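Data block below; observations after.
On a predicted model such as this, the values are computed, not experimentally measured, just so you know.
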Amino acid sequence: MTARLIDGKGIAETLREEVKQNVIKRASQGLPAPGLATVIVGDNPASKVYVRMKHKACQEAGILSIGHALPAETSQEEVEKLIGELNNDPKIHGILIQLPLSAGLDEESVLNAIKLRKDVDGFHPINIGRLAQKGREPLFTPATPSGIMYLLEEAGAQLEGAKAVVLGRSNIVGMPVSLLLIKANSTVTICHSRTIDIPSLTRKADVLIAAVGIPEFVRGDWIKPGAIVIDVGVNRVEDETRKRGYRLVGDVAFEEAREVAGAITPVPGGVGPMTIAMLLRNTLRAARLADEDIVV
């Protein structure tokens with residue numbers, strides 16, 4: 001059996017086009033374009049790349065995007081002052097703080113400073129808290145976990161009653177996607193660096209989410225035949241045969257896994273494109289909340 005590929009790139013392109021058409025429709029109705037502000041502190045090269053990609057995607061979708069690049073020595077007070085200004089700017093519907101922040105800054109305090117209805121990254125403590133509570137709904141859910149859930153839906157995953165295993169417990173992916181799977185009535189096991197005998201758990205998973213940041217950590221014989229595998233990892237490994245001297249691989253040994261799984265995301269072209277698509281969707285939603293003048 002060879003696994004069916006879950007085309008995250010193609011699915012994301014469709015979502016981005018839907019957002020673009022909705023932005024065009026807003027303009028025809030005399031409504032303002034959704035506005036996204038990004039805040040990056042420091043000189044992390046990867047963060048700069050991610051922010052550039054987000055601004056490019058906004059431009060293509062007709063979303064106003066404004067970037068704020070602050071030096072690494074920026075104080076907590078200065079960062080939170082900027083957030084306060086963005087909170088009060090009617091042109092800005094969503095605020096994205098690019099993580100990680102520079103050393104010495106209080107991440108939770110910074111995220112807590114964002115107005116709830118502008119928290120398009122879904123990391124505000126209240127949004128995460130609502131996600132964790134039965135019967136409560138957050139205004140926004142984090143982009144990557146939301147993208148994973150969308151891919152599972154597109155892949156035809158039957159989540160109710162399914163056994164799901166999540167490898168990784170990060171605040172950005174592992175924990176929120178586990179909560180989303182629980183909301184979908186899956187039985188969820190979270191594995192991490194202290195988990196004993198991880199393969200014995202993954203072999204029982206109908207749905208496997210790999211988000212540990214270790215190249216090809218999950219081997220083919222760790223996977224239940226027919227399982228749906230979502231590979232979140234993007235890792236560089238040296239490869240002298242490539243022009244750049246490296247290639248990108250996921251957290252799953254793809255060639256092995258595709259011979260066992262029922263469906264699997266590739267790397268690249270799987271989860272990555274979905275993150276930006278879901279961010280654009282969240283920004284559009286934030287603009288609609290502003291239209292309705294919802295106070296949260």
Side-chain angles (χ1 to χ4, degrees), residues 34-55 58 64-133 136-147 168-180 190 192-193 211 213 232 275-276 278-283 285-287 289-290 294-296:
L36 175 70
T38 63
V39 178
I40 182 172
V41 185
D43 297 313
N44 185 301
S47 291
K48 289 182 175 181
V49 171
Y50 294 147
V51 167
R52 280 200 302 270
M53 291 171 62
K54 290 165 185 175
H55 283 288
C58 284
L64 169 70
S65 64
I66 299 174
H68 296 270
L70 306 178
E73 62 271 17
T74 304
S75 69
Q76 184 85 22
E77 182 181 5
E78 289 170 321
V79 174
E80 293 187 14
K81 179 183 177 184
L82 172 59
I83 293 172
E85 293 169 356
L86 296 173
N87 280 335
N88 294 323
D89 186 341
K91 300 189 302 298
I92 299 301
H93 301 103
I95 301 170
L96 183 148
I97 307 298
Q98 185 64 42
L99 302 177
L101 293 170
S102 295
L105 293 177
D106 185 335
E107 179 181 303
E108 183 174 358
S109 180
V110 168
L111 295 175
N112 198 45
I114 300 171
K115 270 187 179 179
L116 203 57
R117 64 178 183 176
K118 294 194 177 188
D119 176 39
V120 290
D121 237 0
F123 292 138
H124 190 288
I126 291 179
N127 272 325
I128 291 295
R130 287 179 177 176
L131 183 60
Q133 292 180 312
R136 304 285 181 88
E137 292 295 333
L139 281 181
F140 302 98
T141 54
T144 301
S146 297
R169 53 179 171 177
S170 72
N171 289 337
I172 294 174
V173 179
M175 291 306 295
V177 80
S178 298
L179 294 170
L180 286 168
I190 303 172
H192 46 78
S193 60
V232 185
T275 298
I276 290 180
M278 300 312 283
L279 172 65
L280 298 182
R281 272 186 130 202
N282 279 353
T283 303
R285 171 168 165 72
L289 290 177
I294 294 177
V295 178
V296 179

What distance separates [X] [atom1] from [Y] [atom2], expressed to the nearest 0.5 Å?
| X | Y | atom1 | atom2 | answer |
| --- | --- | --- | --- | --- |
| K54 | S65 | NZ | OG | 12.0 Å |
| L82 | L70 | CG | CG | 6.0 Å |
| L131 | L179 | CG | CG | 4.5 Å |
| L139 | N127 | CG | CG | 5.5 Å |
| R130 | L116 | CZ | CG | 5.5 Å |
| L101 | D106 | CG | CG | 9.0 Å |

For R52 and V49: C-alpha separation, side-chain torsions, deciding distance, then whether side-chain contact (heavy atoms from CB on, under 4.5 Å) applies.
CA-CA 5 Å; R52 280 200 302 270; V49 171; 3.4 Å; yes
Donor-acceptor under 3.5 Å ([X] side chain, [Y] main chain):
| X | Y | answer |
| --- | --- | --- |
| N171 | F123 | no |
| S102 | V41 | yes |
| K118 | N87 | yes |

Assess the residue pair I83 and I97 against the criterion (side-chain contact (heavy atoms from CB on, under 4.5 Å)); give the C-alpha distance rounded to whole Å, side-chain angles, the decisive distance to 0.1 Å, and a yes or no.
CA-CA 9 Å; I83 293 172; I97 307 298; 3.9 Å; yes
Is any side-chain heavy atom of [Y] closer than 4.5 Å to one of [X]?
| X | Y | answer |
| --- | --- | --- |
| E108 | P125 | yes |
| Y50 | I276 | no |
| V110 | E107 | no |
| L280 | C58 | yes |
| I190 | M175 | yes |

Nearest heavy-atom pair of [X] and [Y]: which atoms, and what distance?
| X | Y | value |
| --- | --- | --- |
| S146 | M278 | CB-CE, 3.8 Å |
| I66 | H55 | C-CE1, 3.6 Å |
| A37 | H68 | CB-CD2, 4.5 Å |

Can you name the residues that form a side chain to side chain contact (heavy atoms under 4.5 Å, CB included) with D89, not counting sequence neighbours?
K91, I92
Any side-chain donor paired with an acceptor under 3.5 Å for T38 and Q98?
no
